[in-house]
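Heads up, the thing below is written out as structure tokens.
In the text below, chain A, chain B and the rest are named by the order of the sequence lines, each starting its count at 1. What you see is a predicted model; the values in this text were computed from it and never measured.
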Protein chains: 2
Amino acid sequence: MDYSIGKIAKETGSNVQTVRYYEKLGLMPEPWRNQAGQRRYGPNDLKRLAFIRHARSLGFSLPQIKELLSLADQPEKPCATADAIVAENLAKIRDRIHALQQLEQELKRIQACDMGNTSGSCRVIETLANHQLCLHDHHQNIESKSFV
Amino acid sequence: MDYSIGKIAKETGSNVQTVRYYEKLGLMPEPWRNQAGQRRYGPNDLKRLAFIRHARSLGFSLPQIKELLSLADQPEKPCATADAIVAENLAKIRDRIHALQQLEQELKRIQACDMGNTSGSCRVIETLANHQLCLHDHHQNIESKSFV
DNA sequence: CTTGTCCCTATAGCTGCTACAGGGTGCAAT
DNA sequence: ATTGCACCCTGTAGCAGCTATAGGGACAAG
Ligand SMILES: [Zn+2]
Ligand SMILES: [Zn+2]
Ligand SMILES: [Zn+2]
Ligand SMILES: [Zn+2]
């Protein structure tokens, strides 16, 4: 009726360090320990971890998930926050798709234009050296994190 | 005829720490210093930095850019590597677009299904708790970094 | 008794920056 | 002269979300 950390990790397709990491962040509760000091979990913990992993796979951030979990813990509360989080992510995803589609076009075009076979005559290199050869103002798309 | 680090940074829309960071990684050369120990750059360095920023804005990674720069430095070399890098990124971008489009659909659907206004009856929360309610096997899409 | 598998803590690494802390230099105005 | 400002320096730590390693303990099967 109780699970080791390895067990819930495997059940949910996570790995062990990740579960401990979630615990440290307060997403997973501190479980009780057996006499040897090892973590023991119950079915609710398993569900909670599955929730987290599912939300992660849908692109939610850990802070967002924390919020969603606290809502899930209080069924009588209004869900407006949850809905807002979804809407926010949807908007971000759409922006990102749009940016990536522009990149795709740009790269496709660069690739298609390339007739050279030495780097001196390579359209790829040439284009990188000169943004004038680009179609889009993709420069605005640059963000430090998670670009491709 | 020479630039301070602040100057080339501004010219290329980078910032100063970033330029130093590129130097540390070997993307930018170590420039000469004036008598006070401050970095001084020439026009070629400016071009090189512009190349890097442009490539970044097109989604290339720093290791890829290092490779592209070394090709750009040797015009007589074959450009097959550059072309391969572009192809590789194009494939990644397409995968990512595809994954994001599936996410978009999934979130859109979750949002549309949500009729509840307490978290106990919220389709968002319910779906996160149960992947059966999803259309796609988006779970495969999960990657640690840069998800949304 | 060794081997293997699991568990523990604590820490460092990944990407590509960005933001300090703590100091120096040089120019212009007061 | 000194005050202020803008720029420069090095070195380190932080972001997200893990992942991997070091260095150790516990327990069962062969
Ligand atoms: Zn080429
Ligand atoms: Zn461009
Ligand atoms: Zn709702
Ligand atoms: Zn799902």
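Between B:A36 and B:I52, the residue whose closest nucleotide on DNA chain C is further toward the 5' end is B:I52.
Residue-level contact check: A:R33 touches the backbone only, with heavy atoms under 4.0 Å from sugar-phosphate atoms and none from bases. Looking at heavy-atom distances under 4.0 Å, B:I5 makes contact with sugar-phosphate atoms alone, never a base. A:R20 comes within 4.0 angstrom of a base, heavy atoms only.
Taking only side-chain nitrogens and oxygens, B:R39 never comes nearer than 4.0 Å to OP1 or OP2 of D:dC8. In this model, the phosphate group of D:dT19 is approached by a side-chain N or O of A:T18 to a distance below 4.0 Å at OP1 or OP2. In this structure, A:N15 does not reach the D:dC18 phosphate: none of its side-chain N or O atoms is under 4.0 Å from OP1 or OP2. Residue A:R53 has a polar side-chain atom (N or O) positioned under 4.0 Å from OP1 or OP2 of D:dC18.
Residue side chain A:Q38 does not reach the base of D:dA26 through any donor-acceptor N/O pair under 3.5 Å, judged by distance alone.
No side-chain donor-acceptor contact under 3.5 Å links B:D83 and A:Q111.
Applying the salt bridge (Lys or Arg N to Asp or Glu O under 4.0 Å) criterion to A:E67, with sequence neighbours excluded, gives no partner residue.
Distance OH (A:Y21) to C1' (D:dC18): 6 Å, rounded to an integer number of Å. Taking atom OH of A:Y3 as the reference point, atom P of C:dC6 lies 18 Å away to the nearest angstrom.
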